[in-house]
Amino acid sequence: MISTRRTSSHALGALIFFGAARAALASPGAAEGSGPPHLGEPRPALELETRDGNLITDARVAGKPLVVDFFATWCVPCRNALVDLNAAAREAGVDVQLVLVDLAEPADVVERWAATAPLPPHALIALDPDGIAARRWGANRLPTTFIIDASGIVRHINRGWGSGYRERLTGWLRNVATPAHGDPPKSAASDK
């Protein structure tokens, strides 16, 4: 006997957004440049429109540690990561610029989410409707978090969210804020 299940409009919407996000990450684009950054390399360009129509430019985020987090509003691990990002920044006690890059969702959806999300002060929310920035940065999983030091060098990459995420971020943020003898610490990417 075959049974049918009803799919709620919310679940169907999440499936559509997930499909759009996966397509945005998988499709090639002319703006990809020479490939995603590796640890110890300069970060890619960060030129995106915010949800209110302003621009995030390289000059706007230069000069202090930077956290760039690729996410989607429907992504439950992304929501958990945001809570941990906030806590890690507080626990590390460092001044960092947080840029949340939403992948492939309409601005009104992101705006409604942002109205109730636990955003830290001064967080910037950027829109990446076609996934061009995600491909440029190599964000092939949601969430993907990049920790960049004040000189613009990628020091840590975390793909996904899970156990130990907050602790890793707290330590990484402390490290990029206080490099030893002018050399930022060496680290490895995590796929947790």
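With hydrogens and angles ignored, the 3.5 Å screen pairs a side-chain donor or acceptor of Arg79 with a backbone N or O of Thr73. Not one N or O on the side chain of Asp84 forms a donor-acceptor pair closer than 3.5 Å with the backbone of Tyr165. The main-chain N or O of Pro129 is never found under 3.5 Å from a side-chain atom of Glu105 such that the two would form a donor-acceptor pair. One N or O on the side chain of Asp128 and one on the backbone of Ala134 form a donor-acceptor pair closer than 3.5 Å. Asp149 places no side-chain N or O within 3.5 Å of a backbone atom of Pro65 that could act as its donor or acceptor partner. Under a 3.5 Å cut-off, the side chain of Arg135 and the backbone N or O of Asp130 do form a donor-acceptor pair.
Rounded to the nearest 0.5 Å, atoms CD1 (Ile153) and CD1 (Ile148) are 10.0 Å apart. Atom CD of Glu47 sits about 6.0 Å away from atom OG1 of Thr57, to the nearest 0.5 Å. The OG1 atom of Thr145 lies 10.5 Å from the CD1 atom of Ile157; values are rounded to the nearest 0.5 Å. Rounding to the nearest 0.5 angstrom, the gap separating the CG atom in Leu98 from the CG atom in Asp69 is 7.0 Å.
Considering only residues two or more places apart in sequence or on other chains, Glu111 meets the salt bridge (Lys or Arg N to Asp or Glu O under 4.0 Å) condition with Arg51.
Residues Arg168 and Asn158 have side chains that bring a donor and an acceptor to within less than 3.5 angstrom of each other.
Pairing each heavy atom of Leu103 with each of Gly131, the nearest pair is CD1-CA, 3.5 Å.
A ring pair (Phe, Tyr, Trp, His ring centres under 6.0 Å) check over residues 93-123, counting only residues at least two apart or in different chains, returns the pairs Phe71-Trp113.
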